[in-house]
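When a ligand or atom number is given, it counts from 1 through the structure's own listing order.
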Amino acid sequence: MQNNINLIQPDDWHVHLREGDMLKSVTQFTSRINRRCIAMPNTKIPITSFEKAKEYKETIKKYSSNKNFEPLIPCYLTDDLDLENFRIGLKNNIFIAAKLYPSNVTTNSKSGVTNLKSIYNALEILEDENKLLLVHGEKSKKDLDLFDREKAFIDDELNNIRNKFPQLKIVLEHVSTEYGVNYIQTNNNIAGTITPHHMMLTKDDLYINNNINPHHFCMPVVKTEKDLICLRKAACNNNSKFFLGTDSAPHHIDQKISKESLKPGIFSAVSSIELYANIFEEESAINNLEIFSSINGPKFYNLPVNDTSITLSKEEWIIPEFIAQNTIKVKNFFGGKKLNWKVQDLKV
Ligand code: DOR
Ligand code: ZN
């Protein structure tokens, strides 16, 4: 039996760190394990200019527990983005990418894109600068069933973007369906991030007595067992088109349990790599974890693979129920449950 695994230090290619006291509390968990992260720009005031991105990066660094930690910031696309500012941000590597939130699909997406055509000029710049488009792949349309939104986005929106910008590299974030996985597998210049929760939960876990369990509620919502199995295969089978992105998204406990403002988001940063290790072990694929956690991502982003490593040891531990610090209290995903792997030391 294998008791230790050394991994090239992972990166989290999709995480929410927020702002203010929440940022102060949660950044340490992502920076403890990962060398880099893509910090999503859907802060209360979205990151729509390179000045804001610069400031955000510095603030995150200030609260990180590891000097080497590098937050990477995408630009939040809006219908009326300042294109000159956008180009400067990309040229100077202040923006790593651009993030498309269709308007009103998820947390802090009010300022997102209402009409795809309005961002075509920005996408042209992005393609010119050889930078990536990150998409929240859900169509926002009133009467569209929550479970059909990923497919509708792919069919009605993503296809148009790919036809118009064939050279543009795209990441379909937190892919949640078999349809999405197959789409990524059969097309060029597109990859996907996969969260732990989409590989651990199905829609049966989303409801308790016909009510939504707020702690299992995220966007895109978790899907069927068939989708889950397909996602596990995509992650665990050495497939270079899929990589780690937790979509760890903290919300204060009060906002998760309030009926009026049920916020989507699952907070997994405290145990992210260990959750993935459990999944890979269940799939008898623990030796494929490194390629998913540490190699496929940088390759797709055209960035160097990290030169530092971490060690995971076989050690049972219970994830604490919450993180709590000053005014902040957030429920941990899988809190109170047992994991088999634990990060030991960080060799820097
Ligand atoms: O569940 C989610 N929470 N999905 C998202 O796309 C956004 C995130 C958040 O920011 O809370
Ligand atoms: Zn997200």
Side-chain angles (χ1 to χ4, degrees), residues 11-20 22-23 25-27 29-30 34 37-47 56 60 71-77 96-113 132-140 146-147 149-150 153 157 170-177 180 192-201 203 205-206 212-223 231 243-258 261-269 272 297 323 328 330-334:
D11 304 299
D12 188 343
W13 297 100
H14 183 135
V15 64
H16 300 265
L17 300 176
R18 313 294 190 207
E19 58 276 283
M22 185 65 90
L23 172 71
S25 293
V26 302
T27 302
F29 299 107
T30 295
N34 300 285
C37 78
I38 296 216
M40 285 293 144
N42 66 331
T43 38
K44 281 187 191 131
I45 300 172
I47 312 290
Y56 193 41
I60 296 170
L72 306 166
I73 319 290
C75 178
Y76 183 116
L77 293 173
I96 178 84
K99 175 76 193 242
L100 163 55
Y101 284 105
S103 182
N104 291 321
V105 275
T106 188
T107 310
N108 297 341
S109 61
K110 251 196 340 277
S111 323
V113 175
L132 284 72
L133 175 66
L134 317 181
V135 296
H136 181 110
E138 289 193 289
K139 185 159 175 160
S140 78
L146 271 185
F147 293 91
R149 291 184 176 194
E150 189 165 283
F153 180 84
E157 324 268 356
I170 299 175
V171 183
L172 181 54
E173 301 284 348
H174 39 58
V175 56
S176 67
T177 58
T193 51
I194 306 184
T195 75
H197 46 274
H198 287 101
M199 294 193 282
M200 292 171 72
L201 305 174
K203 61 185 185 184
D205 303 300
L206 179 58
I212 286 200
N213 173 352
H215 305 302
H216 290 169
F217 178 54
C218 61
M219 297 302 274
V221 289
V222 295
K223 303 287 188 323
L231 289 166
F243 43 88
L244 188 158
T246 59
D247 199 15
S248 174
H251 291 282
H252 196 278
I253 184 82
D254 296 346
Q255 296 200 312
K256 284 299 276 178
I257 57 184
S258 124
S261 69
L262 179 57
K263 299 263 190 196
I266 288 181
F267 178 62
S268 59
S272 58
I323 61 155
I328 299 295
V330 182
K331 173 104 173 72
N332 286 319
F333 176 57
F334 224 52

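Backbone and side-chain nitrogen or oxygen atoms of Y101 are examined, and none is located within less than 3.5 angstrom of a nitrogen or oxygen of ligand 1. Taking any N or O of I266, backbone or side chain, none lies under 3.5 Å from an N or O belonging to ligand 1.
Only side-chain heavy atoms of N42 come within less than 4.0 Å of ligand 1; its backbone N, CA, C and O stay farther off. Contacts between D247 and ligand 1, counted as non-hydrogen atom pairs separated by less than 4.0 Å, involve the side chain only. Counting heavy atoms closer than 4.0 Å to ligand 1, residue A249 contributes side-chain atoms (C-beta onward) but none from N, CA, C or O. Neither the backbone nor the side chain of K263 comes within contact range of ligand 1; no heavy atom lies under 4.0 Å.
With a 4.5 Å cut-off on side-chain heavy atoms, P41 and P46 do not count as touching.
The option from V15, T106, T43 that lies nearest to atom 5 (C) of ligand 1, judged by heavy atoms, is T106. For the residues R18, M40, M219, the heavy atom positioned nearest atom 11 (O) of ligand 1 is part of R18.
Taking atom 3 (N) of ligand 1 as the reference point, the nearest protein heavy-atom neighbour is P264 O, 3.0 Å.
At a cut-off of 2.8 Å, E173 is not counted among the residues with an N, O or S atom near the Zn ion (ligand 2). Distances from the Zn ion (ligand 2) show that H14 has an N/O/S atom below 2.8 Å. One of the N, O or S atoms belonging to H16 lies under 2.8 Å away from the Zn ion (ligand 2).
Note on ring orientation: taking the six-membered ring where Trp is involved, the planes of F333 and H216 are perpendicular (angle over 60°, cut-offs 30° and 60°).
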